[in-house]
Amino acid sequence: MFGDNQIFAAPLAGITDRPFRRIIREFSPNAPVVTEMISCHSLVGAHRNCLRNFDNYATEGNVGAQIFGADVALMADAARILQDAGAKWIDINMGCPVPKVATRAGAGAHLMRDHALAGKIMRAVVGAVDIPVSIKTRLGWDDDNRDWRNLIQIAADSGVRFAALHGRTRAQLYLGNAVHPDVSDAPIPIIANGDIKVASDLTELEALGYAGAMIGRGILGRPWALAEITGGGAPKNVGEIVLRHLEYAIEYYGEKTAIPMFRKHAAWYSAGMPNSSEFRIKVNRIDNADALKVAIREFWGMI
């Protein structure tokens, strides 16, 4: 059975920001948590419109900062910045399938098609920092190119410490069932990712040689999911968690930005509950913090 330091929170764009990571930490103090992906161009350029460029990870515990890009020098510079900001390790995104990253930017999953460039980036990042470096990738670009083993070997030869392997190809995006191949002969530890949500999903992973598991969509509206997998329980009053998450978001983004951003979280927290569709409709019309807090308290029976 995997321990609490072997169950990772996956990097999820627009989701695993600092406010959400704070909530996860309340339930899983020791879990490895990965930030949402950060553009090396934006980070090195210190773009002011992207708050995560200025996060300080010193008080966040075991947090890995994920970067993406195709410029070797900028990726190395970005890794140095994140190390100085207190990240415990650097993760290189080699699996994001969305077109603006994987095709137009030549980054993310595109690096599965250009192993030479991938190797240059990995060697540069490893050489730039003193903290561990990992990669997150997929089985391959498509069914005709399931060459993840080649990329993992290049990673090992480049000094990468471990890898997270999503059990789909880039062509699959997030469709179909994830497949977790046997990795017992891999040269570095492999973390399983894809369709892992509850403890029973881990049953065969250790036998297949995995060193841990990474939970992605399973944490949507369930920041306690990592803790549940390792034997903990869900909170008795979810409404209190939602309100605290909202406060963290307002503190971080400011009310004007936080309210529309938080609507998706409110929907995920309420999923499957009675009258959740009516609650989501109501929340989507709210544009101020006080009204949203009232709606949350009413829905979770706190008034």
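A salt bridge does not link E60 to R25: none of the charged nitrogens lies less than 4.0 Å from a carboxylate oxygen. Using a cutoff of 4.0 Å between basic side-chain nitrogens and carboxylate oxygens, R217 and D195 are scored as salt-bridged. Look at E298 and K293 and you find no salt bridge, because none of the NZ, NE, NH1 or NH2 atoms lies under 4.0 Å from a carboxylate O. Under the 4.0 Å criterion applied to side-chain N and carboxylate O atoms, D157 and R123 are not assigned as salt-bridge partners.
Counting only N and O atoms by type, the side chains of D55 and Y252 include a donor and acceptor under 3.5 Å apart. Under 3.5 Å, the side chains of D142 and N145 contain a donor-acceptor pair of N or O atoms. One side chain, N30 or D4, offers a donor N or O that lies under 3.5 Å from an acceptor on the other. Under the 3.5 Å distance criterion, with hydrogens and angles disregarded, a donor-acceptor pair is assigned to the side chains of W89 and S134.
One finds the CG atom of N53 at 4.0 Å from the SG atom of C50 (value rounded to the nearest 0.5 Å). One finds the NE2 atom of H110 at 7.5 Å from the CH2 atom of W141 (value rounded to the nearest 0.5 Å).
Both tests hold for R138 against Y174: distance to the six-membered ring centre under 6.0 Å, angle to the ring axis within 45°.
Panel note: side chain R168, backbone G176; a donor-acceptor pair is recorded below 3.5 Å. Without hydrogens or angle criteria, R161 side chain to P132 main chain gives no donor-acceptor distance under 3.5 Å. A distance-only check finds a donor-acceptor pair linking the side chain of Q6 to the backbone of G3 [under 3.5 Å]. Counting only distance, with no hydrogens or angles, the side chain of Q83 and the backbone of V129 share no donor-acceptor pair below 3.5 Å.
Partners of E228 according to the side-chain hydrogen bond (donor to acceptor under 3.5 Å, both in side chains) rule, which considers only residues two or more places apart in sequence or in another chain, are R222.
Scanning both residues, A213 and L202, for their nearest heavy atoms gives CB-CD2, 3.5 Å.
Ring-plane geometry between F262 and H265 is classed as tilted, the angle between the planes lying from 30 to 60 degrees on a 0 to 90 degree scale. Ring orientation note: the planes of F8 and F162 are tilted relative to one another, at an angle of 30° to 60°.
Put simply, the side chain of P11 reaches to within 4.5 Å of the side chain of M214, judged on heavy atoms.
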Stepwise salt bridge (Lys or Arg N to Asp or Glu O under 4.0 Å) test for E240 and R297: CA-CA 8 Å; E240 291 180 354; R297 290 191 183 98; over 6 Å; no
